[in-house]
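Heads up: the structure comes next, in structure tokens.
A, B, ... follow the sequence lines: proteins, then strands. Residue 1 opens every chain. Owing to the predicted nature of the structure, the values given are computational and were not obtained by experimental measurement.
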Number of protein chains: 2
Amino acid sequence: MDRLYTVTELAAELGVTPRTIRFYEVKGLLSPKRAGTTRVYNHRDLARMYLILRGKRLGFSLADIKEYLDLYGADTSQVEQIHLLLGKVRHRLGDLELQRRELEETLSELREIERQAVAALKEKTGQA
Amino acid sequence: MDRLYTVTELAAELGVTPRTIRFYEVKGLLSPKRAGTTRVYNHRDLARMYLILRGKRLGFSLADIKEYLDLYGADTSQVEQIHLLLGKVRHRLGDLELQRRELEETLSELREIERQAVAALKEKTGQA
DNA sequence: CTGAAGGATGACGTATACGTCAATCATCAT
DNA sequence: ATGATGATTGACGTATACGTCATCCTTCAG
């Protein structure tokens, strides 16, 4: 149905403040249509915001995220452009795969701590 | 061999600045011994720094990381303490597992973009 | 027509995570 | 003894990512 949103509505939808959304626009991450001076967001803007927020949860800076967003719908009209895109995509894939490895390590360490805590608990509570 | 380090040496070892390491101390993430007024770091401090830096790469704040570090070697002398620890560990495990899911999503999206780019390239370069 | 609600644009403030610089102090070789 | 080297403690500066007004416009119900 291609709903339209004001900043406030979009913000409410996403659990952020309007200020945040306007800030992202200043930073070049969004560029909504305008009805006069009023910002009007559509489903594409909403989708973009989801990507941005996920990027943030993954610990990326807005600058990183901007580059990442530019990978979607990049210009592939010229072979040169595609090569450039591939380079960037693969670089980012490398970053993410490193992050995943580190995440896995951290997860196992925490699980080990959990295991030890559970064991200690069993002992203390006399469940020999 | 239990080497000892000055701030500068430890910083060089880790690829950060001495300022960073001192800053972490102010924030309560490290507390090296002193020889007079001079900070002296050992292998445990080095290991702690590795954990801190990994935490940063995963996008956590220093405050988060401090809490995380406190999970290692937490006081498990009392059942109550263990329960508290388990709660914190499991909370953090939840966070990390969410992050992993989001990371996987992002990875597949990037791989899809990569796939499309490669396909477009094949077409353009006439490799029908 | 008018006033209240909502949106826009600055401008300034704040927390985090350091960088940079100055002044001081301790130590070690010559 | 001394001066260069390296460490310490402030204090201030900076980039990122917003929060918080204040002020101004527009619009729309009554």
Side-chain angles (χ1 to χ4, degrees), chain A residues 3-42 45-46 48-70 92 95 99 102 106, chain B residues 3-42 45-46 48-70 92 95 99 102 106:
Chain A
R3 243 200 89 182
L4 298 181
Y5 308 80
T6 67
V7 228
T8 326
E9 288 166 355
L10 191 68
E13 187 76 26
L14 294 161
V16 302
T17 69
R19 168 62 173 144
T20 297
I21 296 180
R22 293 197 193 101
F23 184 71
Y24 292 169
E25 184 175 345
V26 171
K27 291 299 174 180
L29 295 168
L30 290 170
S31 36
K33 298 271 170 54
R34 299 268 183 154
T37 82
T38 299
R39 280 168 252 258
V40 178
Y41 300 87
N42 60 24
D45 297 311
L46 179 59
R48 241 178 128 77
M49 276 300 299
Y50 278 123
L51 290 178
I52 294 171
L53 296 178
R54 191 182 64 191
K56 289 216 61 194
R57 284 191 297 275
L58 290 176
F60 294 105
S61 71
L62 295 184
D64 285 341
I65 295 172
K66 182 174 160 53
E67 275 208 47
Y68 170 68
L69 288 174
D70 292 345
R92 207 139 259 289
D95 283 357
Q99 184 165 346
E102 299 199 315
T106 308
Chain B
R3 245 200 86 181
L4 298 180
Y5 308 80
T6 67
V7 227
T8 326
E9 287 166 356
L10 190 68
E13 187 75 26
L14 293 162
V16 302
T17 68
R19 167 62 172 145
T20 297
I21 297 180
R22 292 198 192 100
F23 184 71
Y24 293 169
E25 183 174 346
V26 171
K27 290 300 173 178
L29 295 164
L30 290 170
S31 37
K33 298 269 170 54
R34 299 266 184 155
T37 83
T38 299
R39 279 167 253 258
V40 177
Y41 301 87
N42 60 23
D45 298 310
L46 179 60
R48 239 178 128 76
M49 276 300 300
Y50 279 123
L51 290 178
I52 294 172
L53 296 178
R54 192 181 64 190
K56 289 216 62 193
R57 283 192 299 276
L58 291 176
F60 295 105
S61 70
L62 295 185
D64 285 340
I65 295 172
K66 182 173 159 56
E67 275 209 46
Y68 170 68
L69 288 174
D70 292 346
R92 207 140 259 287
D95 282 357
Q99 184 166 347
E102 299 199 313
T106 308

So, taking the atom named CD1 in B/I21 and the one named CZ in B/R19, what distance separates them when rounded to the nearest 0.5 Å?
12.0 Å
Can you name the atoms? Protein N/O to nucleotides 24-26 of chain D N/O, anything below 3.5 Å, with the distance.
none

Mind running a 4.0 Å heavy-atom check of residues 5-15 of chain A against DNA chain C and sending the residues that fall below it, in number order?
A/T6, A/V7, A/T8
Atom pairs under 3.5 Å, N or O on each side, protein against nucleotides 14-18 of chain C: can you list them with distances?
| residue | atom | partner | partner atom | Å |
| --- | --- | --- | --- | --- |
| C/dA17 | OP1 | B/L62 | N | 2.8 |
| C/dA17 | O3' | B/K56 | NZ | 3.4 |
| C/dC18 | OP1 | B/K56 | NZ | 3.4 |
| C/dC18 | OP2 | B/Y24 | OH | 2.6 |
| C/dC18 | OP2 | B/K56 | NZ | 2.8 |

Can you see whether A/Y24 has A/R48 sitting over its ring - NZ or CZ less than 6.0 Å from the centre and within 45° of the normal?
no
Can you sort out the partners of A/T106 under side-chain contact (heavy atoms from CB on, under 4.5 Å), two or more places apart, ordered by chain and number?
B/R54, B/L58, B/Y68, B/L96
Starting at atom CZ of B/R34, determine the distance to atom P of C/dC25, rounded to an integer number of angstrom.
16 Å
Which pairs count as side chain to side chain donor-acceptor pair (under 3.5 Å) when at least one residue sits in residues 6-16 of chain A, sequence neighbours excluded?
none
How long is the span from the OG1 atom in B/T20 to the CG atom in B/L29, to the nearest 0.5 Å?
12.0 Å
When rounded to the nearest 0.5 Å, the distance separating CG of B/L46 from CG of B/L14 is 5.5 Å
Note, A/F23 side chain near A/L62 side chain (heavy atom, < 4.5 Å):
yes
Give every residue pair that meets the salt bridge (charged side-chain N to carboxylate O under 4.0 Å, His left out) criterion with at least one member in residues 26-42 of chain A, sequence neighbours excluded.
A/E25-A/R34, A/E25-A/R39
Roughly how far, to the nearest 0.5 Å, is the CG atom of B/L30 from the NZ atom of B/K66?
10.0 Å
What's the spacing between A/R92 CZ and A/F60 CZ if we round to 0.5 Å?
5.5 Å
Can you tell me if the side-chain N/O atoms of A/R22 get under 4.0 Å from OP1 or OP2 in C/dA8?
yes
